Novice: 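There's a structure below that I have some questions on.
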Amino acid sequence: MAPQTRKTSFPKIVIERETESEQSSSEEEEEDEELDEEEDDGVFTRNATEEEEEEEEEAAAAKSVSNSKKMKEKAPITISLKKVCKVCKRSGHQAGFQGATYIDCPMKPCFLCKMPGHTTMNCPHRVATEYGVIPAPQRSTRSSVDYVFGRQQMTRIPKIKPSFVIPDLVSCAVIRYHSRRVTCLEFHPTNNNILLSGDKKGQLGVWDYVKVHEKTVYGNVHSCILNNLRFSPTNDGTVYAASSDGTISCTDLETGLSQQLMDLNPNGWQGPSSWRMLYGMDVNMEKNLVLIADNFGFLYLVDIRTKNTGEGILIHKKGSKVVGLHCNPVHPELLLSCGNDHFARIWDIRQLEAGSSLHDLVHRRVVNSAYFSPRSGTKILTTSQDNRLRVWDSIFGNLDSPSREIVHSHDFNRHLTPFRAEWDPKDPFESLVVIGRYISENYNGIALHPIDFIDVSSGQLVAEVMDPNIVTISPVNKFHPRDDVLASGSSRSLFIWKPKVKEHQQEKTNFIFCGAAGKKGKRKSGEDSDDDDDESFASKGKKSNTKKPTRTRHYNLKVGS
DNA sequence: ACCTAATGTTGCC
DNA sequence: TGGCAACCCTTAGG
């Protein structure tokens, strides 16, 4: 497949000048600059040093100011855009896609590991996610039961790979009923085929992904972004949702009837400095509490039965957003919080007050999520905007520094829901984690953003899931609590990935994926034309059967190659 | 195939 | 603390 450049030509542009306008927009200024440069375009063949180029640009910019005054009355003009790197705005190189391969700007630090001196193209962390990671010692913090279980498994399988982690075939169901990007996902605690989803608009989706067309969207629960979903520990027919509208809702999944458990903005909009938004949320079954945190650094404990809300407790930097809360699954008194003050913190909820955290886990950037491990509750996994996953192997051990840091591409982007690495609750070793990948990979000529399965005890990329039809980034992912199923939220769509029944044994080094999950065809513009947007499991996908033969692609695992 | 709107948050000064 | 610029791999729709 011949590589193609996205921009094949740099067009001549005609600018109609506003004769009266005093102000010059930034675009115009840039164009002025380009205009000046055009003059020496023909002789711009020497190898200018960096500084020379900078001087030249400054001079051009200075000239452009006077020119824009002089030429205010002139109209229209024709200019040509010279090839300039869109990242650093310098000439001589270009960043961007060439075909399905993204070329980094060489003037910037590596987009993956953030270190200077190389680009993602030759970043060692891109070659192998385990680069620089010292694997956990085998003794680790496993209980004796897990150890025995592990030994049994070890005789058969050399590595920690639950059966579906490297599926021979994966089928996918896709649905799109959200009108804005998906922000959170939650599997039903008892009903195996129900997936809940929240979106940026505040809508709550309920989807039975086996009966693909059974779906409901509750649009009147919240008025803006739904940040977290959690089932009631006592009634699995009701779900709590935390929203940036400042309320916690308690919704009956059957009826869609919703009650308010809390409202932090009872007096309505009084300006942005007082409007409170709710982010991190978790439920503590033992104490019958909903724990909720806001965008000013405060935590609230809400009694589920009495709806009694205590005083807010400052648990993160004043005025900072607390994006994640997690109650320890084994030790009910332990709470983990994280926020955009670059900290994750461990608390004892019996003695909560500002500054009384048991431990502060420092990060270099915002912490998108922090979770205790799902079975033993002794490990901690965090996702930080510095493109690193961090693992602490034991909350009872030394917490001064993480046990491992795994470089992984999950940058912040204003258009994307922040990435959160999620544990596999079924993994007895508590080492399998799923997280979507930001940077793309060229898969047979298509730029795709896979969903990564990472063994956090070694840092190894165990598997990557992608579909040639799904070209969007999948920042939201959740393992099913019991089944070999993964749910993903990608833009406004939801995906269910599950292994197909094996027809024949495949080679272990190949990850084979059966595509045809998404639709590439044109969609109707109406966002609510729902049934048309559904697609059943790939094996039933009509599109792929009628128009083209079912696409089956073989992808080599990108591990250690 | 190209263009553009929608969209906030982070980090730095 | 407030203000402000930057933000590189977005996505959908026209």
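Note that the coordinates shown come from a computational prediction; the quantities given were computed from them, not determined experimentally.
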Novice: Send over the distance from K201(A) NZ to dA12(C) C1', rounded to a whole Å.
Specialist: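 In whole Å, dA12(C) C1' lies 14 Å from K201(A) NZ.
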
Novice: Please tell me which of V366(A) and R181(A) maps to the more 5' nucleotide of DNA chain B, matching each residue to the nucleotide holding its nearest heavy atom.
Specialist: R181(A)

Novice: Examine dC9(C): is either OP1 or OP2 under 4.0 Å from a nitrogen or oxygen in the side chain of T120(A)? Give yes or no.
Specialist: no

Novice: For the aromatic rings, using the six-membered ring if either is Trp, is the centroid distance between Y438(A) and F412(A) under 6.0 Å?
Specialist: no

Novice: Using a cut-off of 4.0 Å between protein heavy atoms and nucleotide atoms, how would you tag nucleotides 3-8 of chain C 5' to 3' with B, S and -?
Specialist: ----SB

Novice: To the nearest Å, give me how far apart CE (M121(A)) and C1' (dC9(C)) are.
Specialist: 11 Å

Novice: Measure the acute angle between the ring planes of Y131(A) and H125(A), then classify it against the limits of 30° and 60° as parallel, tilted or perpendicular.
Specialist: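 Rings of Y131(A) and H125(A): perpendicular, over 60°.
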
Novice: Return the orientation label for the Y177(A) and W207(A) ring planes: parallel under 30°, perpendicular over 60°, tilted otherwise.
Specialist: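 The rings of Y177(A) and W207(A) stand perpendicular, inter-plane angle above 60°.
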
Novice: Roughly how far apart, to the nearest Å, are dT7(B) and dA6(C) at atom P?
Specialist: 22 Å

Novice: Could you tell me whether D245(A) and R276(A) have a side-chain N and a carboxylate O separated by less than 4.0 Å?
Specialist: no

Novice: For the pair made of CD1 in I470(A) and C1' in dT10(C), what is the distance, rounded to whole Å?
Specialist: 16 Å

Novice: Between H326(A) and W347(A), does the ring centroid distance fall short of 6.0 Å?
Specialist: no

Novice: How far apart are the closest heavy atoms of A100(A) and I446(A), and which atoms are they?
Specialist: CB-C, 3.5 Å

Novice: If you compare every side-chain N and O of K318(A) against the phosphate oxygens of dT1(C) (OP1, OP2), does one of them come in below 4.0 Å?
Specialist: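 No, no such contact exists.
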
Novice: Can you measure L416(A) atom CG to dC9(C) atom C1' for me and round it to whole angstrom units?
Specialist: 10 Å

Novice: Is there a side-chain contact between R492(A) and the phosphate of dA6(B), meaning an N or O under 4.0 Å from OP1 or OP2?
Specialist: no

Novice: Output the rounded distance in Å from OH (Y443(A)) to P (dC9(C)).
Specialist: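 My rounded result for the distance is 18 Å.
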
Novice: Starting at NZ of K317(A) and ending at P of dG2(C), how long is that distance when rounded to a whole Å?
Specialist: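 Going from K317(A) (NZ) to dG2(C) (P), I get 12 Å.
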
Novice: How close or far is atom P of dT10(C) from atom NZ of K200(A), stated in whole angstroms?
Specialist: 17 Å

Novice: Could you work out the separation of dA6(B) and dC7(C) based on their P atoms and round it to a whole Å?
Specialist: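 Going atom to atom, P in each nucleotide, I get 22 Å.
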
Novice: Taking the same atom, C1', in dA12(C) and in dA1(B), what whole-Å distance lies between them?
Specialist: 15 Å

Novice: Please determine which of H410(A), H408(A), R404(A), R364(A) meets the side chain to side chain contact (heavy atoms under 4.5 Å, CB included) test together with R388(A).
Specialist: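 Output: one option passes, namely R364(A).
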
Novice: Specify the separation, in whole Å, of atom CD of Q385(A) and atom C1' of dG11(B).
Specialist: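 Nearest whole value for this atom pair: 11 Å.
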
Novice: Salt bridge or not between R180(A) and D199(A)? Use side-chain N to carboxylate O under 4.0 Å.
Specialist: no

Novice: Counting side-chain heavy atoms from C-beta on, which of dT9(B), dA12(C), dC12(B) comes nearest to S491(A)?
Specialist: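 The nucleotide sitting nearest to the side chain is dA12(C).
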
Novice: On the nucleotide dT9(B), are OP1 or OP2 found under 4.0 Å from the side-chain N or O atoms that H415(A) carries?
Specialist: no

Novice: Counting the atoms with a prime plus P, OP1 and OP2 as sugar-phosphate, which does S440(A) contact under 4.0 Å by heavy atoms, base, sugar-phosphate, or nothing?
Specialist: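 It contacts base atoms.
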
Novice: Is the distance from OP1 or OP2 of dT9(B) to the nearest side-chain N or O of N340(A) less than 4.0 Å?
Specialist: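 Negative; the distance criterion is not met.
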
